[in-house]
Amino acid sequence: MGRDVKPLIGGLALSLALALAACGDPSGGGGAAAVEASENAPKIAPWGYPLDALDRSIDPGDDFFLYANGGWLERTEIPSDRSGTGFSVEIRERINARLVEIVERLQATRPLRGSNGQKIRDLYESFMDEGRIEILGLDPFQDDLAQLRAIETHEDVARAMADPGLGIGGIFAIYVGIDTKSPRAHTVWAAQNGLSLPDRIYYLRDGPRLDATREAFVTYIETVLGLLGEGEAELRARDVFELERAIAGTHWTRAERRDVTQTYNPIRVEDLLVDLPNYPWRVHLDQLALSDAETLVLRERSMFEAAAELFAETPVSVWRDYLLLHYVNANAAYMPRQFTSANFNFFNRTLRGQAVQRPRAQRAISLINRRLDQAIGQLYVERYFSADEKQQMTEIFENIKLAYRARIEALQWMTSDTKVAALEKLDALTGQIGYPSKWRDYTALKIDPFDLAGNIRRARIEAQAFNASKLDVPVDPEIWTRGPQTVNAFYSPSRNQAFLPAGYIQSPLFDADADAALNYGAIGSVIGHEIGHGFDDQGSRYNAVGALENWWTDEDRAAFDRLGEALVAQFDAYEPLPGLRVNGRQTLGENIGDLAGVLVAYDAYMLSLDGEAPPVLNGFTGPQRVFLGRAQARRYKRTEESLRRRLLSAKHSPMRLRVNGIIRNMDEWYEAFNIDEDDALYLPPEARVRVW
């Protein structure tokens with residue numbers, strides 16, 4: 001590289017170890033000195049980062065992601081049963097192996113009938129009994145198929161769309177959720193829905209690749225109808241596609257759907273029946289056990305009128321075929337091999353570039369994670385998540401909040417009145433770390449080891465009953481909506497809570513025995529990202545108690561929006577694939593979260609040193625290791641098809657830009673790696689965006 005940041009050759013020298021031992025652990029826990037003194041070595045040698053992941057031929061100022069991960073990228077092949085691989089896949093495979101062990105113990109101990117253990121075991125066994133599935137063929141699904149084929153009226157169509165047992169969904173997604181204007185209460189929400197392809201753009205944008213995808217989709221519809229024994233499958237497939245294209249034409253864009261002020265449109269049900277009479281709303285609500293609902297909150301208000309008109313104008317015969325397609329889409333994983341294969345070939349191979357299916361045992365675990373997530377998650381944390389890990393994560397979380405407080409207090413563009421409200425919100429924000437204090441009750445769910453299709457139907461019905469039961473119940477801040485083995489983190493603006501599940505709290509994101517700087521750069525930037533969602537362009541519209549309410553002065557909001565526009569412009573300019581750019585507006589919330597997350601992770605690490613100088617490890621300073629931790633936490637490699645899909649429809653920027661596109665806005669990165677005007681990633685100081 002020709003720079004003083006080039007790592008030294010070899011591992012930690014004895015003199016360095018002695019020096020660290022003399023000065024103690026500057027991080028207050030989990031730091032470099034702890035690595036030397038601990039009985040447990042870091043899971044990744046030498047101090048939590050694999051030095052062979054680096055590509056030292058790359059200047060860090062030209063492409064930091066490639067500098068930090070180029071060695072790994074060069075030698076890593078995407079498994080044939082994946083559309084991508086990286087940090088999250090590594091974590092997920094480790095968790096899945098542990099969950100398989102849990103299931104195997106349940107198979108050996110034969111837990112009591114009605115217990116969560118029995119339900120986990122029997123759901124797994126019903127899915128794994130592939131021979132029985134093939135022998136039964138479509139027999140377990142014939143009643144449902146007969147119901148769909150017997151549809152004669154538009155009311156029948158709506159009833160089938162809303163039937164939770166069928167799993168179809170329909171053109172409107174109606175569900176119980178937190179009322180964002182009154183966050184201690186629940187209300188009924190309605191949102192656009194009804195497409196098979198990932199986004200409206202797949203139907204509406206011109207281009208040879210999308211044309212080919214659409215033709216492949218029509219062929220898939222024809223295949224499904226043919227497998228069901230339907231006649232004139234080619235003509236009918238084309239009609240279904242044109243219907244979905246028409247539905248897509250009513251949809252809002254993902255960027256438009258992000259606006260939380262425009263997607264809160266309450267309407268009384270009695271008024272809905274008058275204003276939008278072209279859809280049988282009562283039929284739909286009755287089927288969902290929401291007959292008592294007095295109000296619906298419409299997310300994409302203009303979409304509902306257009307979609308309701310389309311619903312009434314479309315012949316029942318076309319809706320019938322649409323329902324058959326969506327029924328197979330929802331149930332193909334539980335059907336005979338020919339249906340599973342057809343579904344995989346289109347949705348995974350064509351859309352994602354995944355060559356082969358994952359092993360059936362892994363798919364069985366995925367099913368359990370969807371249907372019994374907290375049941376198996378409770379067993380997971382009992383065995384694999386320690387109190388010490390939770391304590392360390394809590395300390396990092398609190399340091400991140402301290403760093404946020406210091407940044408808010410030091411903001412030059414925000415006036416004092418808005419700062420008071422921002423700090424009030426930050427103080428009220430809480431972390432849900434590891435697992436919930438209350439667990440989901442699955443008593444009402446019956447699972448039979450010899451009835452996979454019935455298990456799925458009963459699980460859907462039970463889940464809908466559970467959702468509907470929340471309507472008249474206050475929001476409980478101790479309940480989670482996902483299992484603790486989830487490989488992700490998330491933030492709830494209406495609860496003002498950041499969730500860090502146990503599944504995410506592990507190497508390479510967190511290792512109790514690794515260097516503290518790496519932990520802050522990796523899991524710390526994730527924590528900062530989730531807290532940052534409370535202060536992104538949309539999360540910042542919720543107040544300290546989670547209510548959708550403006551707490552900004554007009555002057556401060558305008559200044560904040562100008563910073564967001566500058567970040568939009570930056571990301572709009574990135575072109576990860578020829579002719580396909582990042583949508584800076586669509587990804588703005590996540591980009592703000594990323595930028596704030598890395599900034600406060602850096603600050604929190606420096607705070608954790610309590611004035612002590614950080615050690616130098618293999619030639620890397622503490623600040624440099626924070627940025628390496630960030631690069632390790634976003635280390636990922638995708639197929640081109642998968643990357644293309646994400647650029648078209650995902651809310652996140654590509655992983656490379658979640659590193660390079662963020663750090664080039666940070667003065668601290670320039671200082672840590674001596675970046676100057678000759679580097680490709682260099683931005684002049686006045687062009688660097690710092691929102692928080």
Side-chain angles (χ1 to χ4, degrees), residues 88 91-92 94-96 98-99 102-103 106 111 115-117 119-120 123 175-179 183-186 365-398 400-401 428-445 459 462-471 473-506 509-510 523 526-527 529-531 533-534 539 542 545-546:
S88 58
I91 293 173
R92 191 171 287 110
R94 182 186 304 131
I95 290 174
N96 284 352
R98 292 170 173 176
L99 297 179
I102 290 172
V103 172
L106 293 173
S115 66
N116 282 348
K119 293 170 184 177
I120 294 167
L123 183 58
Y175 57 94
V176 176
I178 297 174
D179 186 337
R184 297 296 175 263
H186 290 97
I365 293 299
S366 296
L367 172 60
I368 294 170
N369 280 333
R370 286 196 304 275
R371 295 301 172 189
L372 293 165
D373 58 345
Q374 291 198 28
I376 198 167
Q378 186 172 7
L379 299 179
Y380 176 87
V381 297
E382 288 173 358
R383 185 173 180 86
Y384 296 110
F385 188 66
S386 69
D388 182 61
E389 288 173 312
K390 182 164 184 172
Q391 177 60 33
Q392 288 195 47
M393 283 295 300
T394 301
E395 292 173 2
I396 294 175
F397 187 92
E398 292 304 319
I400 295 288
K401 284 186 68 176
L429 188 149
T430 59
Q432 295 283 312
I433 297 173
Y435 52 89
S437 56
K438 292 182 180 179
W439 295 97
R440 170 90 147 81
D441 184 358
Y442 295 95
T443 301
L445 177 58
E462 188 272 344
Q464 174 55 34
F466 176 76
N467 182 254
S469 70
K470 295 186 294 185
L471 182 56
V473 178
V475 173
D476 188 336
E478 297 182 73
I479 291 177
W480 286 27
T481 59
R482 310 184 196 184
Q485 71 279 25
T486 299
V487 183
N488 208 342
F490 44 100
Y491 171 79
S492 169
S494 295
R495 290 167 53 161
N496 198 19
Q497 292 178 319
F499 293 78
L500 283 301
Y504 225 35
I505 304 174
Q506 53 185 296
L509 297 182
F510 172 79
I523 198 68
V526 171
I527 295 171
H529 173 103
E530 298 309 331
I531 295 176
H533 276 313
Y542 297 80
V545 299

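- When every heavy atom of Ser494 is checked against every heavy atom of Ile178, the shortest pair comes out as CB-CG2, 3.6 Å.
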task = Apply the test side chain to side chain contact (heavy atoms under 4.5 Å, CB included) to residues Phe510 and Val526: give CA-CA distance (whole Å), side-chain angles for both, the deciding distance (0.1 Å), then the verdict.
result = CA-CA 10 Å; Phe510 172 79; Val526 171; over 6 Å; no
request  = I would like to know whether Phe490 and Leu500 meet side chain to side chain contact (heavy atoms under 4.5 Å, CB included); could you show each step before the answer?
outcome  = CA-CA 7 Å; Phe490 44 100; Leu500 283 301; over 6 Å; no
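- Rounded to the nearest 0.5 angstrom, Arg440 CZ and Asn116 CG are separated by 10.0 Å.
- Within the 4.5 Å cutoff, the side chain of Arg371 has no heavy atoms near those of the Leu445 side chain.
- Taking the ring centre of Phe499 as origin, the terminal cationic atom of Arg482 falls outside the region bounded by 6.0 Å and 45° from the ring axis.
- Shown here for Pro111 and Gly117, the closest heavy-atom pair between the two residues is CG-C, 3.4 Å.
- When all heavy atoms are compared, the tightest approach of Val381 to Ala502 is CG1-CB, 4.0 Å.
- Annotation: the span from Ile91 atom CD1 to Thr486 atom OG1 amounts to 12.0 Å, rounded to 0.5 Å.
- Looking only at distances, no side-chain donor or acceptor of Lys401 sits under 3.5 Å from a matching main-chain atom of Ile531.
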message = Walk me through whether Thr443 and Asp441 qualify under side-chain hydrogen bond (donor to acceptor under 3.5 Å, both in side chains).
response = CA-CA 6 Å; Thr443 301; Asp441 184 358; 2.5 Å; yes
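- Using the six-membered ring where Trp is involved, Tyr435 and Trp439 have ring planes that are parallel, under 30° apart on the 30 and 60° scheme.
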query = Is there a side chain to side chain contact (heavy atoms under 4.5 Å, CB included) between Ile102 and Ile120 once you walk through the steps?
reply = CA-CA 9 Å; Ile102 290 172; Ile120 294 167; 5.6 Å; no
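- Not one N or O on the side chain of Gln374 forms a donor-acceptor pair closer than 3.5 Å with the backbone of Tyr442.
- Side-chain contact between Tyr542 and Pro183 is absent, with no heavy-atom pair separated by less than 4.5 Å.
- Taken from NE2 in His533 to NE2 in His529, the straight-line distance is 3.0 Å, to the nearest 0.5 Å.
- Taking CZ of Arg98 as the start and CZ of Arg383 as the end, the distance is 9.5 Å to the nearest 0.5 Å.
- Pairing each heavy atom of Val487 with each of Ser88, the nearest pair is CG1-O, 3.9 Å.
- Proximity of a side-chain donor or acceptor of Lys119 to a complementary backbone N or O of Leu372 within less than 3.5 Å is not detected.
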request  = Verify side-chain hydrogen bond (donor to acceptor under 3.5 Å, both in side chains) between Gln391 and Glu395, making sure each step is shown before the conclusion.
outcome  = CA-CA 6 Å; Gln391 177 60 33; Glu395 292 173 2; 3.2 Å; yes
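- Within the model, atoms OH of Tyr504 and CD of Gln485 stand 14.5 Å from one another, a figure rounded to the nearest 0.5 Å.
- Tested against His186 for a side-chain contact (heavy atoms from CB on, under 4.5 Å), the candidates Asn467, Asp179, Val176 yield a single pass: Val176.
- Side-chain atoms of Arg495 come within 3.5 Å of backbone atoms of Pro477 as a donor-acceptor pair (strictly under, hydrogens ignored).
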request  = Walk me through it: do Ile505 and Gln392 pass the test side chain to side chain contact (heavy atoms under 4.5 Å, CB included)?
outcome  = CA-CA 10 Å; Ile505 304 174; Gln392 288 195 47; over 6 Å; no
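- The closest side-chain heavy-atom distance from Ile95 to Asn369 is not below 4.5 Å.
- Annotation for Pro484 and Trp480: closest pair CA-CZ3, 4.1 Å, computed over non-hydrogen atoms.
- The CE atom of Met393 lies 9.0 Å from the CZ atom of Phe397; values are rounded to the nearest 0.5 Å.
- Side-chain contact between Ile365 and Val103 is present, with heavy atoms from C-beta onward closer than 4.5 Å.
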